[in-house]
Amino acid sequence: MTFRAAVITLYPDMFPGPLGVSLAGRAREEGKWSLEAIQLRDFAADKHRTVDDTPAGGGAGMVLRADVLARAIDHARAVMGDSKPIPVLAMTPRGRPLTQARVRELAQGPGVIVVCGRFEGFDERIFAAREVEEVSIGDIVLSGGEPAALMLLDACIRLLPGVMGAPSSGTEESFENGLLEYPHYTRPAEWEGRTIPEVLRSGDHAKIAAWRKLQSEVDTRLRRPDLWERHEGARVQSASGARREKRDVDQ
Ligand code: ADE
């Protein structure tokens, strides 16, 4: 199955960009994913190919028109034509923060239609009218949605079957279990007076696994208290669920 991506943008030349090389580039050559960059301006209705207008109520910047966006999305849906509906995502700092869990769902296929914003943003009416999911890649403001779209696609592509060399690196890494990944080291064993933790050179796999688990927990607690809180919340909940189940069985 080919994962199909369509990107609606004012800058189609930005694609595939970094996704044309390395892992993603090779996977595209092998037909594991496909990309169509759609010029939003092609769906303007006037001879100036206007895609935006001034914000209702006044203020700075310009807003992408809902009618132009709708024509572009309808076109993308028509050319993608799949038995399963293809999710439409709009990249915007107002969106729901992207998570590895959502990336994993999207990577199941059939693909994505990604709409990139520029200027002040999108006419709000487009989201409900075309069932568009607003997605943010973090609490930062980019000059446009294109780099965010590249990030989203990169995250999906590396999860496609046969794309990543070592499958285990997809499940042990950061976020896959709600924690940050443990730190890594490689040769030389001593570098600029700094050594590799002794346990990693012990050859004792159980001890190494325990050390990695602890590091992963400590680093998450210190660096990402938000993730740690969620992880602890889920752990406490699943433990009390297990106790409840045991009580039910015992009765
Ligand atoms: N466009 C501009 N900033 C963005 C962000 N943080 N996430 C997604 N799209 C954006």
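Order of listing sets the numbers, starting from 1, for every ligand and every atom in it. Keep in mind that this is a model prediction, so the values were computed, not measured.
Using a 4.0 Å cut-off between charged side-chain N and carboxylate O, Glu131 and Arg77 make no salt bridge. Asp42 and Arg49 are joined by a salt bridge, as a carboxylate oxygen and a charged side-chain nitrogen come within less than 4.0 angstrom of each other.
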- May I have the step-by-step check of salt bridge (Lys or Arg N to Asp or Glu O under 4.0 Å) for Asp74 and Arg130, ending in yes or no? CA-CA 9 Å; Asp74 293 346; Arg130 290 297 183 276; 2.8 Å; yes

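Under the 3.5 Å distance criterion, with hydrogens and angles disregarded, no donor-acceptor pair is assigned to the side chains of Glu134 and Thr92.
Pocket lining of ligand 1, defined as residues with a non-hydrogen atom under 4.0 Å away: Met91, Thr92, Pro93, Val135, Ser136, Ile137, Gly138, Ile140, Val141, Leu142, Gly144, Gly145, Ala148.
In this structure, Val21 is not a member of the same hydrophobic cluster as Leu153, with clusters built from ILVMFWY side-chain heavy atoms closer than 4.5 Å.
Annotation: side chain of Tyr11 is in contact with side chain of Arg118 (closest heavy-atom distance under 4.5 Å).
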